[in-house]
Enquirer: 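I have a structure I would like to understand better, so I am pasting it below and will then ask my questions one at a time.
If you're wondering where the values come from, they're calculated on a predicted model, not measured in any experiment. Protein chains get the first letters and strands the later ones, always in sequence-line order, with residue 1 at the start of each.
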2 protein chains.
Amino acid sequence: MRNRSVTYSSEATFQALADPTRRAVLDLLRRGSQPAGEIAGAFPVSRPAISKHLRLLRRAHLVREHREGRNRVYQLNPEPLRAVDSWLDQYRNFWKMNLNSLKTFVEAEHAKEISQHHIAKPKTSKGDH
Amino acid sequence: MRNRSVTYSSEATFQALADPTRRAVLDLLRRGSQPAGEIAGAFPVSRPAISKHLRLLRRAHLVREHREGRNRVYQLNPEPLRAVDSWLDQYRNFWKMNLNSLKTFVEAEHAKEISQHHIAKPKTSKGDH
DNA sequence: ATAATGCGTAACCGTACAGTTACGCGACTC
DNA sequence: GAGTCGCGTAACTGTACGGTTACGCATTAT
C-alpha cells in the first residue's frame with residue numbers, strides 16, 4: 001500500500017477514461033506534449049469540446065497543463081493509470097485461471113480417467129457458488 | 001491483433017467500468033457467482049437499480065447470466081478486462097520511464113553543469129514537445 | 001493602441017443514465 | 001389454482017455530460 005505524495009481517486013480516473021475521445025487524447029499525448037489547439041485540431045469536434053475534455057483529464061490528473069506564451073501545453077501524466085493497473089491486478093489471476101481452464105479441465109479429466117477405478121465423485125461442486 | 005472468438009468493444013467495457021457501483025459488483029462477483037437478489041442486497045440501492053447495472057455489465061460481457069430456477073445467477077467474465085490490460089500496456093513503458101524521470105533529469109542537469117563553460121543555451125529545448 | 005491568436009468559460013440543447021416506484025411475469029409452494 | 005418469491009422492465013425524475021455558439025481575457029503581432 002505505498003502512499004505516493006498524491007493519492008489519485010481511481011473514481012475520477014475511470015470516469016475520465018470512460019470517454020473514447022479522452023482516451024484518444026491520451027493516446028495522442030503519448031507522442032508528446034501539445035498545446036490545446038493542436039489537440040483540438042486532431043479531432044472532429046469543436047475546440048471548446050476538447051477544452052472540456054481536457055478539464056476532466058486535468059481533474060483526474062491524467063494530464064498536466066502549463067502555459068507557454070499564449071499556448072497551454074498539455075502533457076501526459078500516466079501516474080493515475082497505475083491505479084487502474086493495480087485494480088486490474090485483482091482480476092489478472094482470474095483470467096489466467098480462465099486461460100488454463102480448458103487445459104486444466106482436460107488434464108483433470110485425464111487424471112480422473114487414470115485413477116477412475118473405484119472413486120465415487122462426491123457430487124460435482126456445482127459451479128463456483 | 002489476436003482475434004478471439006468474440007471481439008469485445010473496449011468502448012462498452014470502459015463505459016461499464018466507469019461506475020463505482022458496477023466495479024463493486026464485479027469485485028463482489030470475484031468471490032463467486034451470485035443471484036441478482038443477493039447482489040442487490042449488498043448495496044444500499046434498490047434492486048431495480050442493480051438490475052440495470054447488471055444489464056450494462058451484461059452488454060459489456062463483463063458478466064454472464066443464467067437461470068437457476070427462479071433465480072438469475074450472475075457470473076464474472078474477466079475476458080473483456082484483458083482488452084483494458086492491453087490498452088494499458090501502451091502506457092506501461094511510459095510510467096516506467098517516469099519512474100526514472102527525476103533521476104534522469106538530475107543526471108542531465110549534472111552533465112550540463114559539467115560541460116557548461118562556454119556553451120550558450122540556444123533557447124532551452126522548450127519542453128518535450 | 002489595435003488587431004489577431006489561443007484558450008477557457010458561460011449559456012444552452014439533447015441524450016444518457018442512476019435512482020425510484022409501480023407493475024408484470026415466470027417459477028416454486030401449499 | 002392461489003399466493004408468494006425473484007427479478008426484469010416501464011415510466012418518470014434529477015443530474016451529469018458531450019456538443020455547439022457566443023463571449024471574454026490574456027498574449028503576441030503590426
Side-chain angles (χ1 to χ4, degrees), chain A residues 9-29 32-76 126-127 129, chain B residues 9-29 32-76 123-124 126-127 129:
Chain A
S9 143
S10 65
E11 184 44 40
T13 308
F14 275 113
Q15 188 55 43
L17 293 179
D19 186 88
T21 302
R22 278 185 306 254
R23 289 198 304 277
V25 168
L26 294 182
D27 284 347
L28 188 66
L29 252 32
S33 306
Q34 288 196 4
E38 281 191 43
I39 298 172
F43 295 91
V45 297
S46 72
R47 195 178 45 66
I50 296 296
S51 188
K52 289 210 248 173
H53 282 305
L54 288 172
R55 175 165 47 180
L56 261 177
L57 289 169
R58 238 183 292 136
R59 282 183 191 158
H61 301 280
L62 280 163
V63 300
R64 235 185 281 283
E65 175 252 13
H66 71 104
R67 281 140 221 234
E68 227 170 79
R70 59 187 166 188
N71 289 340
R72 279 145 189 259
V73 178
Y74 282 87
Q75 182 188 9
L76 178 65
K126 189 154 193 284
H129 184 218
Chain B
S9 145
S10 64
E11 187 42 41
T13 308
F14 275 113
Q15 188 55 43
L17 293 180
D19 186 89
T21 303
R22 275 183 311 253
R23 288 199 304 279
V25 168
L26 293 182
D27 284 347
L28 187 67
L29 251 33
S33 305
Q34 290 197 4
E38 283 191 42
I39 298 172
F43 295 92
V45 297
S46 72
R47 196 179 45 66
I50 296 296
S51 187
K52 290 210 245 172
H53 282 304
L54 288 171
R55 174 164 49 178
L56 261 177
L57 288 169
R58 237 183 293 135
R59 282 182 191 160
H61 301 281
L62 280 162
V63 301
R64 236 184 278 285
E65 174 252 15
H66 70 103
R67 283 139 220 237
E68 228 170 78
R70 57 186 167 187
N71 289 340
R72 278 147 190 257
V73 178
Y74 282 87
Q75 182 189 9
L76 177 65
K123 184 54 191 313
T124 178
K126 198 156 190 288
H129 181 218

Enquirer: Between P on D:dT15 and CG on B:Asp19, what's the gap in Å once rounded to a whole number?
Expert: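 In whole Å, D:dT15 P and B:Asp19 CG are 17 Å from each other.
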Enquirer: Roughly how far, to the nearest 0.5 Å, is CG of A:Asn71 from CZ of A:Arg67?
Expert: 11.5 Å
Enquirer: Got a sec, which residues hit side-chain contact (heavy atoms from CB on, under 4.5 Å) with A:Arg47, two or more places apart in sequence or on another chain?
Expert: A:Ala40
Enquirer: Looking at every heavy atom in both A:Leu28 and A:Ile39, which two are closest together, and how far apart are they?
Expert: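 Shortest heavy-atom separation between A:Leu28 and A:Ile39 comes out as CD2-CA, 4.1 Å.
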Enquirer: For DNA chain C, find the residues of residues 49-60 of chain A with a heavy-atom distance under 4.0 Å and give them by number; none if there aren't any.
Expert: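 A:Ser51, A:Lys52, A:Arg55 - these, ordered by number, are the residues of the stretch whose heavy atoms sit under 4.0 Å from the strand.
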Enquirer: Give the minimum heavy-atom separation between B:Gln75 and B:Leu29, together with the two atoms involved.
Expert: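 Heavy atoms only, the tightest pair is C-CD2, 4.3 Å.
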Enquirer: Working to the nearest 0.5 Å, report the span between CZ of A:Arg64 and OG of A:Ser33.
Expert: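 Going from the CZ atom of A:Arg64 to the OG atom of A:Ser33 covers 10.0 Å.
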Enquirer: For residues 17-26 of chain A, please give each side-chain donor-acceptor pair under 3.5 Å, one per line with the distance, not counting sequence neighbours.
Expert:
| residue | atom | partner | partner atom | Å |
| --- | --- | --- | --- | --- |
| A:Asp19 | OD2 | A:Thr21 | N | 2.8 |
| A:Asp19 | OD2 | A:Thr21 | OG1 | 3.4 |
| A:Asp19 | OD2 | A:Arg22 | N | 3.2 |
| A:Arg22 | NE | A:Ala16 | O | 2.8 |
| A:Arg22 | NH1 | A:His53 | ND1 | 3.2 |
| A:Arg22 | NH2 | A:Gln15 | O | 3.3 |
| A:Arg23 | NH1 | A:Leu17 | O | 2.7 |
| A:Arg23 | NH2 | B:Glu11 | OE1 | 2.6 |

Enquirer: Phosphate oxygens OP1/OP2 of D:dG18: is one of them under 4.0 Å from a side-chain N or O of A:Arg22?
Expert: yes
Enquirer: Along DNA chain C, 5' to 3', what are the outermost nucleotides having an atom less than 4.0 Å from a heavy atom of chain B?
Expert: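 Answer, 5' to 3': C:dC17 to C:dC28.
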Enquirer: Counting only distance, no hydrogens or angles, is the base of D:dG8 paired donor-acceptor with the side chain of B:Arg47 under 3.5 Å?
Expert: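 Present.
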Enquirer: What residue among B:Glu38, B:Arg58, B:Gln34 forms side chain to side chain donor-acceptor pair (under 3.5 Å) with B:Tyr74?
Expert: B:Arg58
Enquirer: Detail all sub-3.5 Å separations between protein N/O atoms and N/O atoms belonging to nucleotides 25-30 of chain D.
Expert:
| residue | atom | partner | partner atom | Å |
| --- | --- | --- | --- | --- |
| D:dT27 | O2 | A:Arg70 | NH1 | 3.4 |

Enquirer: With a 4.0 Å cutoff (strictly under), does any side-chain N or O of A:Ser46 reach OP1 or OP2 of D:dT20?
Expert: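 Looking at the OP1 and OP2 atoms of D:dT20, one of them is under 4.0 Å from a side-chain N or O of A:Ser46.
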Enquirer: My understanding is that only residues two or more places apart in sequence, or in another chain, count here; which of them pass side-chain hydrogen bond (donor to acceptor under 3.5 Å, both in side chains) with A:Arg70?
Expert: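 Per chain and number, A:Arg70 pairs via side-chain hydrogen bond (donor to acceptor under 3.5 Å, both in side chains) with no residue.
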Enquirer: Determine the contact category for B:Tyr74: base if any of its heavy atoms lies under 4.0 Å from a base atom, sugar-phosphate if only primed atoms, P, OP1 or OP2 are that close, otherwise nothing.
Expert: sugar-phosphate
Enquirer: Rounded off to whole Å, could you give me the CD1-to-C1' distance for the B:Ile39 and D:dC7 pair?
Expert: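 After rounding, the gap between these two atoms is 11 Å.
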Enquirer: Roughly how far, to the nearest 0.5 Å, is the CG atom of A:Leu62 from the CG atom of A:Leu54?
Expert: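 Atom-to-atom, A:Leu54:CG and A:Leu62:CG are 11.5 Å apart.
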Enquirer: Nearest 0.5 Å please: distance from the CZ atom of A:Arg72 over to the CD atom of A:Glu65.
Expert: 5.0 Å
